[in-house]
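Naming convention: chains lettered A, B, ... in sequence-line order (proteins, then strands); numbering from 1 in each chain.
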2 protein chains.
Amino acid sequence: MSLRIALLGLLVESGAASGYGLTKHFELSAGNVWHAKHSQIYPELRKMEADGAIETVEEGARGKRTYDVTEAGRVELRRWLVEHEPERTIRNEASLRMFLLPLLGPEESVPLLRAEAAMYTTRAKRLDEICSHIGNDVSMYQARMGYHNMRAMEAWATETADAIEQKAAGA
Amino acid sequence: MSLRIALLGLLVESGAASGYGLTKHFELSAGNVWHAKHSQIYPELRKMEADGAIETVEEGARGKRTYDVTEAGRVELRRWLVEHEPERTIRNEASLRMFLLPLLGPEESVPLLRAEAAMYTTRAKRLDEICSHIGNDVSMYQARMGYHNMRAMEAWATETADAIEQKAAGA
DNA sequence: AATAGCATGTAAGAAGTTACATGATTTC
DNA sequence: GAAATCATGTAACTTCTTACATGCTATT
């Protein structure tokens with residue numbers, strides 16, 4: 001369901017797009033909340049077209065298909081956003097790793113936490129940079145979400161590395 | 001792989017535990033980074049025992065089995081934490097919904113964003129409360145990660161609701 | 001002429017969900 | 001004695017990943 005909703009949302013936001021374009025969109029902005037590869041996206045789009053949530057608006061060279069949301073698709077998306085109680089479950093391998101890192105000794109965990117903090121700083125800066133050049137409101141809000149999340153992990157990794165270091169120095 | 005690592009990590013952290021106990025542990029602390037249900041956990045534990053990452057240390061009433069990590073399991077976990085480059089992909093249905101919410105009109109999106117912000121405030125406070133009563137360092141760092149993440153989403157939802165409101169007032 | 005990017009697809013297998021199934025123990 | 005919690009398991013299904021497969025177009 002989530003993949004279907006994500007695709008509907010991206011199509012509403014960007015207007016008509018191909019499976020390839022939607023795959024790219026996932027890699028960039030939407031990647032902070034959902035993830036999908038082309039091998040999952042192409043069949044899903046076919047299925048969505050089959051039950052009327054999207055339609056082919058153009059067929060180009062080399063089998064290229066441009067899809068757009070139908071009225072039924074818009075209704076489905078709106079209903080989901082307004083009425084559906086989302087699952088509060090998360091799967092994030094990078095965060096799982098951070099979560100478990102304090103199980104290692106200070107000599108190993110502190111440098112790894114600092115490295116992660118630096119990575120999150122870089123990502124936050126990149127997103128901030130992107131935000132300042134975005135014309136579109138919705139895209140800006142979306143990039144800001146990523147920004148807040150990066151800053152949160154950066155702050156946590158730094159705070160935790162500091163705490164582990166202090167503890168190790170005191171012991 | 002991630003489920004296996006999560007289970008190894010939780011066992012190292014808490015000491016020997018049953019499938020039931022690990023399922024509970026997922027619902028509480030680990031739920032901020034990974035998710036698994038008992039129907040996935042029980043077979044996974046059997047598989048991990050079969051290849052020597054964990055072992056049964058006690059068999060109790062009604063088929064209860066208590067597992068603990070083996071030395072091989074510890075080595076596997078450490079290697080993964082130190083050497084494995086984690087996938088930077090996220091799947092979070094609640095965030096996907098937030099991400100798409102600005103596609104709705106201000107009358108619909110603003111109240112929904114405010115409601116989410118309030119929910120994140122509640123969760124952040126609960127985690128903060130939990131932190132102040134935790135004796136164990138590792139558990140505290142873990143709860144703090146959840147805390148930072150909740151505050152980030154709270155800040156984003158508030159900021160976005162404000163921006164949408166201002167924009168609507170100006171137009 | 002080679003490389004990178006555009007563009008789509010499928011098959012096999014792994015991971016995860018839903019639903020069914022069972023039964024003891026503790027708390028109200 | 002009813003309800004909640006402890007405790008484990010499996011089967012069918014859906015979702016997601018990995019790997020293979022193809023071929024055009026633009027750039028260097």
Side-chain angles (χ1 to χ4, degrees), chain A residues 1-8 10-11 14 16-28 30-31 33-51 54 56-67 84-94 96, chain B residues 1-8 10 14 16-28 30-31 33-51 54 56-67 80 84-94 96:
Chain A
M1 194 79 271
S2 294
L3 174 57
R4 185 185 174 108
I5 294 299
L7 291 169
L8 284 174
L10 295 183
L11 282 173
S14 66
S18 65
Y20 188 84
L22 289 162
T23 304
K24 291 291 148 191
H25 204 146
F26 259 109
E27 283 166 19
L28 302 166
V33 291
W34 204 258
H35 180 258
K37 309 196 177 184
H38 78 274
S39 57
Q40 201 187 353
I41 291 171
Y42 290 121
E44 184 70 29
L45 289 169
R46 293 287 181 152
K47 212 173 105 201
M48 289 164 75
E49 183 171 38
D51 44 55
I54 61 174
T56 301
V57 290
E58 199 192 323
E59 287 184 64
R62 305 159 258 154
K64 177 172 182 179
R65 308 184 133 253
T66 305
Y67 295 99
H84 176 76
E85 183 54 38
E87 272 211 39
R88 302 278 167 190
T89 58
I90 298 171
R91 280 201 180 82
N92 184 340
E93 198 178 290
L96 171 64
Chain B
M1 195 77 270
S2 294
L3 174 58
R4 186 185 173 106
I5 294 299
L7 291 169
L8 284 174
L10 296 183
S14 65
S18 64
Y20 187 84
L22 289 162
T23 304
K24 292 291 147 188
H25 204 147
F26 260 109
E27 284 167 19
L28 302 167
V33 291
W34 204 259
H35 180 259
K37 310 196 175 185
H38 78 274
S39 57
Q40 202 186 354
I41 292 170
Y42 290 121
E44 185 69 30
L45 288 169
R46 293 286 182 155
K47 212 172 107 201
M48 288 164 76
E49 183 171 38
D51 45 55
I54 61 174
T56 301
V57 290
E58 199 192 320
E59 289 185 62
R62 301 160 259 156
K64 178 172 182 178
R65 310 185 131 251
T66 305
Y67 295 99
W80 190 87
H84 175 76
E85 183 54 38
E87 273 212 39
R88 303 277 167 191
T89 58
I90 297 171
R91 281 198 181 85
N92 184 339
E93 198 179 290
L96 171 63

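Rounding to whole angstrom units, CD of residue A/E58 and P of C/dT8 are separated by 11 Å. Across the protein-nucleic acid pair, B/H35 atom NE2 and D/dT15 atom P stand 16 Å apart, rounded to whole Å. Residue B/H25 contributes atom NE2, which lies 19 Å from atom C1' of D/dT5 at whole-angstrom precision. Atom pair A/I41:CD1 and D/dT15:C1' shows a separation of 13 Å (rounding to whole Å applied). Rounding to whole angstrom units, CZ of residue A/R91 and C1' of D/dT17 are separated by 14 Å. Rounded to a whole Å, the NZ atom of A/K47 is 15 Å from the P atom of D/dC13. A/E44 places its CD atom 16 Å from the C1' atom of C/dT8, with the value rounded to the nearest Å. Computed from coordinates, the A/L96 CG to C/dG16 C1' distance equals 16 Å when rounded to whole Å.
The ring pair (Phe, Tyr, Trp, His ring centres under 6.0 Å) search around A/Y42 returns A/H38, not counting sequence neighbours. Looking at residues two or more places apart in sequence or on another chain, you find a salt bridge (charged side-chain N to carboxylate O under 4.0 Å, His left out) between B/R88 and A/E116, B/E85. Considering only residues two or more places apart in sequence or on other chains, A/S18 meets the side-chain hydrogen bond (donor to acceptor under 3.5 Å, both in side chains) condition with none of them. Every residue meeting the side-chain contact (heavy atoms from CB on, under 4.5 Å) condition with A/E59, not counting sequence neighbours, appears here in chain and number order: A/T56, A/R65. Listed by chain and residue number, A/N92, B/N92 satisfy the side-chain contact (heavy atoms from CB on, under 4.5 Å) test with A/I90 (two or more places apart in sequence, or in another chain). By the side-chain contact (heavy atoms from CB on, under 4.5 Å) test, A/A17 pairs with A/L11, A/S14, A/L22, sequence neighbours left out. For A/H35, the side-chain contact (heavy atoms from CB on, under 4.5 Å) partners are A/K37, B/T89, B/R91, not counting sequence neighbours.
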Heavy-atom contacts, protein to nucleotides 18-27 of chain D, under 4.0 Å, summarised as B (base), S (sugar-phosphate only) or - (none) per nt, yield BB---BBS--

Tabulated below should be each protein N or O lying under 3.5 Å from an N or O of nucleotides 1-4 of chain C; please produce it.
none

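For the pair B/Y20 and D/dT8, the criterion of a side-chain N or O lying under 4.0 Å from OP1 or OP2 is not met. Listed pair B/R65 / D/dC6 fails the phosphate criterion, with no side-chain N or O lying under 4.0 Å from OP1 or OP2.
Here the side chain of B/Y42 is nearest to one of D/dC6, D/dC16, D/dA7, namely D/dA7.
Comparing B/P43 and A/L3 along DNA chain D, the residue whose closest nucleotide (by nearest heavy atom) sits nearer the 5' end is B/P43.
Between B/L96 and A/P86, the closest side-chain pair of non-hydrogen atoms is not below 4.5 Å. Using a 4.5 Å cut-off on side-chain heavy atoms (C-beta onward), A/F26 and A/L10 make contact.
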